[in-house]
Amino acid sequence: MSSTTKPKIAISACLLGENVRFNGGHKQSLLCSQTLADYFDFVPLCPEVAIGLGIPREPIRLVGDPAHPQAVGTVHRELNVTQPLDDYGQQMASEHTDLCGYIFMQKSPSCGLERVKVYRDNGTPVDGGGRGIYAQAFCARHPNLPVEEDGRLNDPVLRENFLTRVFVYADWQKQLAEGLTRHRLLAFHSRYKYLLMAHSPAHYKSLGHLTGLSQCATRGTHTNVLQHISGYLKQVISADDKQEMQTVIGQYRQGIVPLVVPLTLLKHHFRQHPDRYIAQQAYLQPHPENLSLRNAI
Ligand code: SF4
(Lines give C-alpha, C1' and ligand atoms only; values in the text may rest on other atoms or scores of the structure.)
Protein backbone atom coordinates (compact mmCIF):
# COMPACT_ATOMS: atom_id res chain seq x y z
CA MET A 1 0.00 0.00 0.00
CA SER A 2 1.57 3.36 -0.91
CA SER A 3 1.79 6.02 1.77
CA THR A 4 -0.62 8.27 -0.14
CA THR A 5 -3.43 5.74 0.17
CA LYS A 6 -2.98 4.88 3.83
CA PRO A 7 -5.90 5.98 6.00
CA LYS A 8 -4.94 8.68 8.50
CA ILE A 9 -5.42 7.98 12.21
CA ALA A 10 -4.80 10.50 15.00
CA ILE A 11 -3.21 9.04 18.11
CA SER A 12 -2.19 10.16 21.59
CA ALA A 13 1.49 10.98 21.02
CA CYS A 14 2.69 9.03 24.09
CA LEU A 15 1.39 5.82 22.43
CA LEU A 16 3.88 6.26 19.59
CA GLY A 17 6.74 6.41 22.09
CA GLU A 18 7.07 10.19 22.30
CA ASN A 19 8.30 11.30 25.74
CA VAL A 20 5.43 13.68 26.39
CA ARG A 21 3.90 12.33 29.61
CA PHE A 22 3.83 14.36 32.84
CA ASN A 23 6.86 12.39 34.09
CA GLY A 24 8.84 12.73 30.84
CA GLY A 25 8.05 9.14 29.82
CA HIS A 26 5.91 7.50 27.17
CA LYS A 27 3.37 4.67 26.88
CA GLN A 28 4.49 3.16 23.62
CA SER A 29 2.02 0.72 22.10
CA LEU A 30 3.81 -1.92 20.03
CA LEU A 31 0.57 -2.67 18.18
CA CYS A 32 0.34 0.95 17.02
CA SER A 33 3.99 1.83 16.54
CA GLN A 34 4.96 -1.41 14.81
CA THR A 35 2.09 -3.50 13.41
CA LEU A 36 -0.38 -0.77 12.47
CA ALA A 37 2.19 1.78 11.31
CA ASP A 38 2.56 -0.17 8.02
CA TYR A 39 -1.12 0.36 7.23
CA PHE A 40 -1.94 3.82 8.57
CA ASP A 41 -0.45 7.29 8.61
CA PHE A 42 -0.46 8.30 12.27
CA VAL A 43 -0.98 11.89 13.39
CA PRO A 44 0.45 12.11 16.93
CA LEU A 45 -1.14 14.75 19.18
CA CYS A 46 -0.44 15.59 22.84
CA PRO A 47 -2.96 18.13 24.11
CA GLU A 48 -1.25 18.74 27.47
CA VAL A 49 2.05 19.67 25.84
CA ALA A 50 0.23 21.65 23.13
CA ILE A 51 -1.48 23.90 25.69
CA GLY A 52 1.91 24.67 27.23
CA LEU A 53 2.01 22.46 30.31
CA GLY A 54 5.63 21.44 29.67
CA ILE A 55 7.58 18.22 30.31
CA PRO A 56 7.85 17.17 33.07
CA ARG A 57 4.75 18.78 34.60
CA GLU A 58 2.42 18.59 37.53
CA PRO A 59 -0.12 15.83 36.80
CA ILE A 60 -3.72 16.94 36.41
CA ARG A 61 -6.93 15.15 37.32
CA LEU A 62 -10.66 15.49 36.79
CA VAL A 63 -12.87 16.80 39.58
CA GLY A 64 -16.54 17.67 40.06
CA ASP A 65 -19.55 16.66 37.95
CA PRO A 66 -18.56 13.59 35.84
CA ALA A 67 -20.69 14.89 32.96
CA HIS A 68 -18.85 18.25 33.02
CA PRO A 69 -15.65 17.73 34.99
CA GLN A 70 -12.86 20.25 35.51
CA ALA A 71 -9.18 19.41 34.86
CA VAL A 72 -7.10 20.77 37.73
CA GLY A 73 -3.61 20.30 39.16
CA THR A 74 -3.14 17.41 41.60
CA VAL A 75 -1.00 19.66 43.82
CA HIS A 76 -2.20 23.15 42.91
CA ARG A 77 -6.00 23.09 42.60
CA GLU A 78 -5.89 26.66 41.28
CA LEU A 79 -4.23 25.29 38.11
CA ASN A 80 -7.36 24.78 35.99
CA VAL A 81 -6.73 23.78 32.36
CA THR A 82 -10.28 22.74 31.44
CA GLN A 83 -10.86 25.58 28.97
CA PRO A 84 -7.49 25.31 27.14
CA LEU A 85 -7.94 21.53 26.74
CA ASP A 86 -11.49 22.01 25.49
CA ASP A 87 -10.40 24.76 23.07
CA TYR A 88 -7.53 22.63 21.77
CA GLY A 89 -9.88 19.67 21.21
CA GLN A 90 -12.18 21.87 19.14
CA GLN A 91 -9.24 23.36 17.25
CA MET A 92 -7.78 19.94 16.34
CA ALA A 93 -11.22 18.67 15.35
CA SER A 94 -11.64 21.51 12.87
CA GLU A 95 -8.07 21.27 11.55
CA HIS A 96 -8.00 17.48 11.06
CA THR A 97 -10.97 16.76 8.86
CA ASP A 98 -9.29 13.98 6.87
CA LEU A 99 -8.92 11.49 9.71
CA CYS A 100 -10.41 7.99 9.54
CA GLY A 101 -9.97 7.18 13.23
CA TYR A 102 -8.44 8.20 16.54
CA ILE A 103 -6.63 5.99 19.08
CA PHE A 104 -6.66 7.59 22.54
CA MET A 105 -4.62 6.83 25.64
CA GLN A 106 -6.87 5.34 28.32
CA LYS A 107 -7.29 6.75 31.85
CA SER A 108 -5.90 10.16 30.90
CA PRO A 109 -7.81 13.24 32.18
CA SER A 110 -7.16 14.76 28.75
CA CYS A 111 -7.22 11.83 26.30
CA GLY A 112 -9.22 9.07 28.05
CA LEU A 113 -12.47 8.08 26.36
CA GLU A 114 -14.31 6.36 29.20
CA ARG A 115 -14.16 5.59 32.91
CA VAL A 116 -11.47 8.21 33.53
CA LYS A 117 -11.35 8.86 37.29
CA VAL A 118 -13.32 11.92 38.37
CA TYR A 119 -12.88 12.98 42.02
CA ARG A 120 -15.40 14.50 44.39
CA ASP A 121 -14.47 17.46 46.57
CA ASN A 122 -13.70 15.06 49.41
CA GLY A 123 -11.13 13.26 47.20
CA THR A 124 -13.06 10.03 46.56
CA PRO A 125 -13.62 8.92 42.94
CA VAL A 126 -17.12 9.01 41.43
CA ASP A 127 -18.53 5.66 40.24
CA GLY A 128 -18.19 5.16 36.49
CA GLY A 129 -15.83 8.10 35.96
CA GLY A 130 -15.95 10.34 32.91
CA ARG A 131 -14.26 11.28 29.66
CA GLY A 132 -11.05 13.31 29.25
CA ILE A 133 -11.64 16.99 28.49
CA TYR A 134 -9.74 17.05 25.19
CA ALA A 135 -11.25 13.75 23.98
CA GLN A 136 -14.75 15.00 24.80
CA ALA A 137 -14.26 18.23 22.84
CA PHE A 138 -12.73 16.42 19.86
CA CYS A 139 -15.33 13.65 19.69
CA ALA A 140 -18.24 16.09 20.02
CA ARG A 141 -17.14 17.61 16.70
CA HIS A 142 -16.68 14.21 15.00
CA PRO A 143 -19.43 12.01 16.46
CA ASN A 144 -19.19 9.35 13.73
CA LEU A 145 -15.40 9.05 13.61
CA PRO A 146 -14.22 5.58 14.75
CA VAL A 147 -12.46 6.11 18.08
CA GLU A 148 -10.96 3.63 20.53
CA GLU A 149 -8.62 3.44 23.49
CA ASP A 150 -5.30 1.71 23.03
CA GLY A 151 -5.89 -0.64 25.98
CA ARG A 152 -9.09 -1.99 24.46
CA LEU A 153 -7.26 -2.84 21.21
CA ASN A 154 -5.64 -5.77 23.05
CA ASP A 155 -9.02 -7.49 22.77
CA PRO A 156 -9.10 -9.21 19.34
CA VAL A 157 -12.83 -8.62 18.83
CA LEU A 158 -12.60 -4.91 19.68
CA ARG A 159 -9.44 -4.56 17.58
CA GLU A 160 -11.05 -6.14 14.53
CA ASN A 161 -14.17 -4.04 15.02
CA PHE A 162 -12.28 -0.75 15.32
CA LEU A 163 -10.04 -1.36 12.31
CA THR A 164 -12.99 -2.53 10.21
CA ARG A 165 -14.76 0.74 11.02
CA VAL A 166 -11.62 2.72 10.12
CA PHE A 167 -11.39 1.11 6.68
CA VAL A 168 -15.11 1.58 6.04
CA TYR A 169 -14.88 5.22 7.15
CA ALA A 170 -11.90 5.69 4.81
CA ASP A 171 -13.94 4.27 1.94
CA TRP A 172 -16.85 6.59 2.83
CA GLN A 173 -14.53 9.63 2.92
CA LYS A 174 -13.20 8.61 -0.48
CA GLN A 175 -16.75 8.45 -1.90
CA LEU A 176 -17.47 11.93 -0.52
CA ALA A 177 -14.21 13.32 -1.94
CA GLU A 178 -14.97 11.88 -5.39
CA GLY A 179 -18.53 13.22 -5.36
CA LEU A 180 -21.44 11.19 -4.07
CA THR A 181 -23.92 10.19 -6.75
CA ARG A 182 -27.04 8.07 -6.27
CA HIS A 183 -25.31 5.22 -8.05
CA ARG A 184 -22.23 5.46 -5.81
CA LEU A 185 -24.35 5.60 -2.68
CA LEU A 186 -26.26 2.47 -3.67
CA ALA A 187 -23.03 0.67 -4.59
CA PHE A 188 -21.53 1.64 -1.23
CA HIS A 189 -24.50 0.27 0.70
CA SER A 190 -24.52 -2.84 -1.41
CA ARG A 191 -20.81 -3.44 -0.79
CA TYR A 192 -21.30 -3.36 2.98
CA LYS A 193 -24.53 -5.35 3.13
CA TYR A 194 -23.09 -8.48 4.73
CA LEU A 195 -20.62 -6.62 6.93
CA LEU A 196 -23.51 -4.63 8.37
CA MET A 197 -25.55 -7.81 8.77
CA ALA A 198 -22.72 -9.32 10.84
CA HIS A 199 -22.34 -6.30 13.08
CA SER A 200 -25.89 -5.18 13.53
CA PRO A 201 -28.80 -7.23 12.22
CA ALA A 202 -31.15 -4.46 13.44
CA HIS A 203 -29.45 -1.73 11.41
CA TYR A 204 -29.23 -4.08 8.46
CA LYS A 205 -32.96 -4.87 8.56
CA SER A 206 -33.92 -1.23 8.74
CA LEU A 207 -31.44 -0.52 5.93
CA GLY A 208 -29.66 1.51 8.53
CA HIS A 209 -26.46 3.36 8.02
CA LEU A 210 -22.96 2.36 8.98
CA THR A 211 -23.23 3.49 12.58
CA GLY A 212 -24.38 -0.11 13.03
CA LEU A 213 -20.76 -1.13 12.62
CA SER A 214 -19.91 0.28 16.03
CA GLN A 215 -21.54 -2.83 17.48
CA CYS A 216 -19.18 -5.79 17.56
CA ALA A 217 -20.14 -8.78 15.45
CA THR A 218 -20.51 -12.04 17.42
CA ARG A 219 -19.98 -15.68 16.51
CA GLY A 220 -23.76 -15.91 16.14
CA THR A 221 -24.09 -12.99 13.73
CA HIS A 222 -21.00 -14.00 11.75
CA THR A 223 -22.44 -17.54 11.47
CA ASN A 224 -25.67 -16.09 10.08
CA VAL A 225 -23.75 -14.14 7.43
CA LEU A 226 -21.55 -17.14 6.54
CA GLN A 227 -24.75 -19.17 5.98
CA HIS A 228 -26.22 -16.46 3.77
CA ILE A 229 -23.09 -16.19 1.67
CA SER A 230 -22.62 -19.95 1.38
CA GLY A 231 -26.18 -20.05 0.00
CA TYR A 232 -24.82 -18.48 -3.21
CA LEU A 233 -22.79 -21.67 -3.74
CA LYS A 234 -25.54 -24.21 -3.31
CA GLN A 235 -26.19 -24.72 -7.03
CA VAL A 236 -22.54 -24.96 -7.99
CA ILE A 237 -20.64 -27.05 -5.43
CA SER A 238 -20.93 -30.76 -4.71
CA ALA A 239 -22.85 -32.32 -1.82
CA ASP A 240 -19.54 -33.21 -0.14
CA ASP A 241 -18.29 -29.63 -0.44
CA LYS A 242 -21.59 -28.34 0.95
CA GLN A 243 -21.27 -30.72 3.88
CA GLU A 244 -17.69 -29.60 4.52
CA MET A 245 -18.78 -25.96 4.40
CA GLN A 246 -21.53 -26.61 6.98
CA THR A 247 -19.09 -28.49 9.22
CA VAL A 248 -16.56 -25.68 9.17
CA ILE A 249 -19.21 -22.99 9.81
CA GLY A 250 -20.47 -25.12 12.72
CA GLN A 251 -16.93 -25.42 14.10
CA TYR A 252 -16.56 -21.66 13.90
CA ARG A 253 -19.88 -21.15 15.71
CA GLN A 254 -18.73 -23.46 18.50
CA GLY A 255 -15.42 -21.64 18.87
CA ILE A 256 -13.30 -24.56 17.62
CA VAL A 257 -11.81 -22.62 14.68
CA PRO A 258 -11.40 -18.86 14.10
CA LEU A 259 -13.38 -16.87 11.53
CA VAL A 260 -10.55 -17.00 9.01
CA VAL A 261 -11.18 -20.75 8.49
CA PRO A 262 -14.75 -20.67 7.05
CA LEU A 263 -13.89 -17.46 5.20
CA THR A 264 -10.89 -19.09 3.52
CA LEU A 265 -13.03 -22.02 2.43
CA LEU A 266 -15.72 -19.67 1.10
CA LYS A 267 -13.14 -17.64 -0.82
CA HIS A 268 -11.71 -20.85 -2.26
CA HIS A 269 -15.12 -21.87 -3.65
CA PHE A 270 -15.87 -18.37 -4.96
CA ARG A 271 -12.55 -18.41 -6.81
CA GLN A 272 -13.74 -21.58 -8.57
CA HIS A 273 -17.28 -20.26 -9.02
CA PRO A 274 -17.17 -16.45 -9.15
CA ASP A 275 -20.30 -14.52 -8.22
CA ARG A 276 -20.38 -10.83 -9.12
CA TYR A 277 -22.52 -9.81 -6.18
CA ILE A 278 -20.42 -11.65 -3.59
CA ALA A 279 -17.17 -10.51 -5.22
CA GLN A 280 -17.95 -6.89 -4.34
CA GLN A 281 -18.84 -7.64 -0.70
CA ALA A 282 -16.49 -5.92 1.75
CA TYR A 283 -17.37 -8.60 4.32
CA LEU A 284 -14.99 -11.11 2.76
CA GLN A 285 -11.98 -8.78 3.17
CA PRO A 286 -12.73 -5.52 5.00
CA HIS A 287 -9.08 -4.94 5.96
CA PRO A 288 -5.64 -6.06 4.67
CA GLU A 289 -5.19 -9.83 4.97
CA ASN A 290 -1.71 -9.45 6.47
CA LEU A 291 -3.15 -7.82 9.58
CA SER A 292 -4.54 -11.30 10.37
CA LEU A 293 -7.39 -9.75 12.33
CA ARG A 294 -9.72 -12.67 11.69
CA ASN A 295 -7.24 -15.27 12.88
CA ALA A 296 -7.96 -14.28 16.48
CA ILE A 297 -11.76 -13.96 16.51
S1 SF4 B 1 -2.34 10.79 27.39
FE2 SF4 B 1 -2.64 12.51 26.00
S3 SF4 B 1 -2.09 14.31 27.22
FE4 SF4 B 1 -1.25 12.54 28.28
S5 SF4 B 1 0.84 12.35 27.51
FE6 SF4 B 1 -0.43 11.05 26.23
S7 SF4 B 1 -0.98 12.35 24.51
FE8 SF4 B 1 -0.23 13.71 26.12
Side-chain angles (χ1 to χ4, degrees), residues 7 35-36 39 101 146 148 152-172 186-297:
T35 311
L36 299 185
Y39 300 92
E148 192 51 281
R152 282 166 48 95
L153 295 178
N154 291 323
D155 178 314
V157 172
L158 297 177
R159 181 166 64 234
E160 199 269 348
N161 176 260
F162 172 67
L163 294 175
T164 296
R165 284 189 290 140
V166 168
F167 281 108
V168 176
Y169 197 87
D171 187 3
W172 177 243
L186 288 174
F188 183 84
H189 271 276
S190 174
R191 197 152 63 246
Y192 290 102
K193 171 180 159 160
Y194 284 114
L195 195 63
L196 192 55
M197 187 194 256
H199 284 258
S200 174
H203 278 93
Y204 162 74
K205 276 195 197 127
S206 65
L207 273 187
H209 36 73
L210 295 168
T211 51
L213 292 177
S214 58
Q215 293 178 34
C216 287
T218 64
R219 279 186 189 268
T221 56
H222 273 306
T223 299
N224 184 33
V225 171
L226 293 169
Q227 296 286 14
H228 267 85
I229 294 180
S230 67
Y232 285 79
L233 292 165
K234 69 173 183 253
Q235 308 293 345
V236 291
I237 62 175
S238 69
D240 283 353
D241 285 343
K242 268 185 249 177
Q243 183 56 48
E244 184 191 29
M245 195 74 243
Q246 288 309 311
T247 302
V248 170
I249 292 175
Q251 287 174 334
Y252 164 70
R253 187 174 51 76
Q254 293 169 52
I256 298 168
V257 298
L259 181 57
V260 68
V261 175
L263 280 175
T264 303
L265 189 57
L266 274 174
K267 285 188 209 170
H268 162 78
H269 286 306
F270 281 113
R271 266 196 304 276
Q272 314 291 318
H273 308 285
D275 180 286
R276 279 178 60 192
Y277 185 65
I278 295 299
Q280 45 120 9
Q281 285 302 316
Y283 179 79
L284 291 175
Q285 199 62 63
H287 28 59
E289 202 158 12
N290 289 349
L291 276 171
S292 304
L293 294 168
R294 284 167 158 182
N295 295 26
I297 64 171

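- Under a 3.5 Å cut-off, the side chain of N161 and the backbone N or O of L213 do form a donor-acceptor pair.
- For the residue pair H273 and Q235, no side-chain donor N or O sits within less than 3.5 Å of a side-chain acceptor on the partner.
- Distance CD1/I278 to CZ/R276: 13.0 Å, rounded to 0.5 Å.
- A pairwise comparison of heavy atoms in R165 and S214 identifies CD-CA, 3.5 Å as the closest pair.
- Rounding to the nearest 0.5 Å gives a distance of 4.5 Å between OH of Y252 and CG of L259.
- Across all their heavy atoms, Y192 and A282 have their closest contact at CE2-CB, 3.3 Å.
- A distance of 11.5 Å separates NE2 in H269 from OG1 in T264, rounded to the nearest 0.5 Å.
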I'd like to know whether I229 forms a side chain to side chain contact (heavy atoms under 4.5 Å, CB included) with Q281, so could you lay out the CA-CA distance, the side-chain angles of the two residues, the decisive distance to 0.1 Å, and finally the verdict. CA-CA 10 Å; I229 294 180; Q281 285 302 316; 5.6 Å; no

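- Considering OG of S230 and CD of Q246, their distance stands at 5.5 Å, rounded to 0.5 Å.
- A donor-acceptor pair under 3.5 Å is formed between the side chain of T223 and the backbone N or O of R219.
- N224 CG to R253 CZ: the interatomic distance, rounded to the nearest 0.5 Å, is 11.5 Å.
- Side-chain atoms of T164 and Y283, non-hydrogen and from C-beta on, never get closer than 4.5 Å to each other.
- Aromatic rings of F162 and H287 (six-membered ring for Trp) have centroids beyond the 6.0 Å cut-off, not under it.
- The two residues V257 and P262 have their closest heavy-atom pair at CG2-CD, 4.3 Å.
- Under a 3.5 Å cut-off, the side chain of S190 and the backbone N or O of L186 do not form any donor-acceptor pair.
- The heavy-atom pair separating I237 from K242 by the smallest distance is O-CE, 3.5 Å.
- Looking only at distances, no side-chain donor or acceptor of T221 sits under 3.5 Å from a matching main-chain atom of A217.
- Taken to the nearest 0.5 Å, the OH atom of Y39 stands 11.0 Å off from the CG atom of L163.
- By the 6.0 Å contact criterion, CD on E289 is open, its count of non-hydrogen atoms from other residues, nucleotides or ligands being 12 or less.
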Verdict with reasoning, L293 to V260, per side chain to side chain contact (heavy atoms under 4.5 Å, CB included): CA-CA 9 Å; L293 294 168; V260 68; over 6 Å; no

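- Taking the six-membered ring where the residue is Trp, Y194 and Y277 present perpendicular rings, their angle passing 60° and hence far from 30°.
- The shortest side-chain heavy-atom distance between M245 and D241 does not fall under the 4.5 Å cut-off.
- At least one side-chain heavy atom of R191 sits less than 4.5 Å from a side-chain heavy atom of D171.
- Considering only heavy atoms from C-beta on, Q285 comes within 4.5 Å of K267 through its side chain.
- Listed for the E160 side chain is no donor-acceptor partner under 3.5 Å among the backbone atoms of I297.
- Counting heavy atoms from C-beta on, the side chains of L265 and I249 never come closer than 4.5 Å.
- Here the closest heavy-atom approach between residue V166 and residue G101 is recorded as CG2-CA, 4.3 Å.
- Here the side chains of L153 and L158 are not in contact, with every heavy-atom distance at 4.5 Å or above.
- Using a 4.5 Å heavy-atom cutoff, the side chains of Q251 and V261 are not in contact.
- With contacts defined as side-chain heavy-atom distances shorter than 4.5 Å, the pair P7/Y169 does not qualify.
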